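These notes concern the structure reproduced below.
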Amino acid sequence: MTMDHRTTFAGPSPVWHPFTQHALAPEPPLVLRGEGAWLTTATGERILDAISSWWVITHGHCHPRIVAAIRDQAGELDQVIFAGHTHLAAEALARRLVALAPAGLAHVFFSDSGSTAVEVALKMAVGYWRNIAEPRSRILALEHGYHGDTIGTMSAGARGIYNAAYEPLLFDVTRLPFPAQGREEATLTALEAACREAPCAALLVEPLILGAGGMLVYPAWVLAEMRSICDRHGVLLIADEVMTGFGRTGRLFACEHASVMPDILCCAKGLTGGALPLAVTLCRREIFDAHYSEDRRRTFFHSSSFTANPIACAAANANLDIWDEEPVAERIAALGALQEERLARFHDDARFASMRRLGTVAALDLAVDDPGYLAGIGLELAAFFRERGLLLRPLGNTIYVMPPYCVTAGDLDRVYAAIAAAAEHFGRG
Ligand SMILES: *Cc1c(COP(=O)(O)O)cnc(C)c1O
């Protein structure tokens with residue numbers, strides 16, 4: 001392939017980028033290559049991908065094993081309708097996921113993004129109650145939660161400037177206060193009260209860390225308590241592990257920290273090592289069984305064109321091979337320790353607050369005069385880091401570091417040196 005057609009474009013780009021105000025956004029870098037934790041642009045600049053390209057890349061960009069699996073599968077079977085048909089890559093992947101996931105999750109439904117995995121989970125939950133002739137549709141969710149950008153997942157997620165325009169289309173959910181440190185009981189009391197007040201279909205949570213809501217962490221015991229309250233009231237627990245799955249929090253799934261078995265579990269981002277879009281929604285046998293009937297009306301009516309795309313499934317199998325054969329758990333533990341050491345450097349720095357780390361993810365809040373999202377501090381910080389060859393995308397004044405597991409100590413030093421420089425430049429006090 002020649003470089004020309006990729007680097008010489010005439011006129012303004014027709015591309016409409018996600019979450020981008022084109023009137024204000026700087027020219028985006030044209031990224032040509034990815035390798036490990038690094039991206040290379042058309043001008044030859046190297047950028048350290050310190051947020052795993054929006055939390056998807058786990059082992060590093062273009063891991064040879066995943067690349068080879070994609071290549072091989074593409075030459076064998078590119079795509080096949082998954083209704084009424086099956087293929088080797090999906091069959092193998094589903095069996096492996098059931099074996100790896102928290103006990104009790106017995107069935108695997110494929111889709112293609114985190115949002116669709118959560119939509120599927122919500123439909124499974126509501127369909128379950130309908131099919132057992134006890135209709136329930138009320139969804140419980142955590143304050144500051146994020147579950148995607150489709151109408152259903154926006155409904156379940158926090159309301160704010162991101163979805164204000166679509167508010168008229170969103171359905172109501174019952175929101176529980178976030179279990180902030182010292183206020184955990186309030187969450188549990190609210191959950192108990194909501195379950196008593198009216199029948200609830202499901203509680204949807206991001207286990208242990210709320211990503212887009214600001215990398216907010218809460219303790220494992222709270223998740224375990226939420227599980228028992230749900231059990232007492234027969235409410236289904238949906239774990240949205242779209243971000244947390246595949247090692248981010250130090251375990252394969254965040255639910256493992258609390259020994260919690262959700263009724264439904266959603267995965268996407270890291271499922272293919274981040275190389276291709278693929279998602280799964282795993283569920284307990286009872287939920288599948290409630291749809292199992294000679295009555296066609298009880299069918300689980302959901303599909304998308306690329307459900308269980310073979311190439312994406314092959315990439316996911318290669319990801320699991322890497323987990324089996326490379327020291328991924330050790331790598332993750334080492335990365336957690338490196339993050340902790342570097343965060344600790346800021347402990348006495350009054351310009352930072354709320355230092356937190358869960359597994360490979362580290363976050364801290366920079367004290368600034370106006371931390372609101374619209375104030376644009378996040379974008380100013382991102383531009384500041386970008387000038388230093390770093391891909392970081394703070395959420396308002398919350399700076400977080402979520403690199404691929406192959407990142408080196410030296411790479412992380414660059415990241416934290418830039419964070420220190422940002423405090424000099426933007427920090428208050
Ligand atoms: C990113 C994310 C989603 C949405 O996933 P997409 O693949 O972007 O649709 C859902 N839930 C959580 C917790 C996420 O972090």
Side-chain angles (χ1 to χ4, degrees), residues 17-20 51-58 109-125 139-160 162-163 166 170 173 175 178 202-218 223 226 237-249 251-255 257 260 262 264-282 302 304-309 312 315-316 319 358-361 363 393-395 398 400-402:
H17 287 271
F19 269 84
T20 300
I51 58 161
S52 300
S53 278
W54 247 348
W55 321 347
V56 301
I57 299 291
T58 52
F109 191 93
F110 289 94
S111 61
D112 40 32
S113 73
S115 303
T116 54
V118 175
E119 294 279 352
V120 163
L122 296 173
K123 285 175 71 172
M124 276 181 179
I139 303 297
L140 305 169
L142 278 185
E143 179 193 14
H144 306 308
Y146 177 80
H147 302 286
D149 281 333
T150 54
I151 300 295
T153 56
M154 278 194 294
S155 300
R159 303 296 168 88
Y162 308 100
N163 43 44
Y166 325 111
L170 306 186
V173 304
R175 241 168 269 281
F178 175 75
L203 167 62
L204 169 63
V205 295
E206 294 162 86
L208 270 54
I209 178 165
L210 276 56
M215 299 298 157
L216 304 174
V217 297
Y218 63 93
L223 182 62
M226 291 195 286
L237 178 66
I238 305 173
D240 176 352
E241 295 241 18
V242 169
M243 182 194 89
T244 52
F246 296 94
R248 281 299 167 199
T249 70
R251 307 287 292 265
L252 187 60
F253 296 107
C255 283
H257 290 282
V260 153
I264 302 178
L265 181 142
C266 307
C267 295
K269 296 188 167 118
L271 173 58
T272 59
L276 285 176
L278 182 71
V280 287
T281 306
L282 282 73
H302 192 92
S304 53
S305 307
F306 291 104
T307 301
N309 171 262
N319 168 39
L358 180 64
T360 70
V361 185
R393 222 184 130 87
L395 297 155
T398 296
Y400 68 91
V401 185
M402 193 194 294

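Bear in mind that the values here come from a model prediction, so they are computed numbers and not experimental data. Indexing begins at 1, ligand by ligand and atom by atom, following the structure's order. Side chains included, hydrogens not; waters and symmetry mates left out as well; all remaining heavy atoms used.
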ask   = When the ring planes of Tyr162 and Phe19 are compared, do they come out parallel, tilted or perpendicular, using 30° and 60° as the limits?
value = tilted
query = Relative to the heavy atoms of Gly114, which atoms of ligand 1 are at a distance of less than 4.0 Å?
reply = 4 (C), 5 (O), 6 (P), 7 (O), 9 (O)
query = Are Glu241 and Thr244 linked by a side-chain donor-acceptor pair shorter than 3.5 Å?
reply = yes
query = Is Lys269 close to ligand 1, meaning an N/O of one under 3.5 Å from an N/O of the other?
reply = yes
Atom indices of ligand 1, in the order listed, that fall short of 4.0 Å to a heavy atom of Ser113 = 7 (O), 9 (O)
ask   = So, Thr249 side chain and Gly359 main chain: donor-acceptor pair closer than 3.5 Å or not?
value = no
request  = Please confirm whether Trp55 comes within less than 3.5 Å of ligand 1 when only nitrogen or oxygen atoms on both sides are compared.
outcome  = no
ask   = Any non-hydrogen protein atom below 4.0 Å of atom 8 (O) of ligand 1?
value = no
query = Can you name the closest pair of heavy atoms from Ala254 and Pro207 and give their distance?
reply = CB-O, 3.7 Å
task = Would you mind running through ligand 1 and noting each atom that sits below 4.0 Å from a heavy atom of Met243?
result = 15 (O)
request  = Please indicate whether any nitrogen or oxygen in Glu206 is less than 3.5 Å from any nitrogen or oxygen in ligand 1.
outcome  = no
remark   = ligand 1 to Asp240, heavy atom cutoff 4.0 Å, flagged ligand atoms 10 (C), 11 (N), 12 (C), 13 (C)
Short side-chain to backbone donor-acceptor contact, Thr281 and Cys266, under 3.5 Å = no
remark   = The answer for which part of Ser115 has a heavy atom under 4.0 Å from ligand 1 is both
key: ligand 1 contact by Trp54, heavy-atom criterion under 4.0 angstrom   = no
inquiry  = Minimum heavy-atom separation for Val260 and Pro262, please, with both atom names.
reply    = O-CD, 3.4 Å
inquiry  = Please check: side-chain N/O of Asn319 versus main-chain N/O of Gly274, any donor-acceptor pairing under 3.5 Å?
reply    = no
note = Interatomic distance, OG1@Thr307 vs CZ@Phe110, rounded to 0.5 Å, equals 10.0 Å
Geometric N/O contact Gly148 with ligand 1, under 3.5 angstrom = no
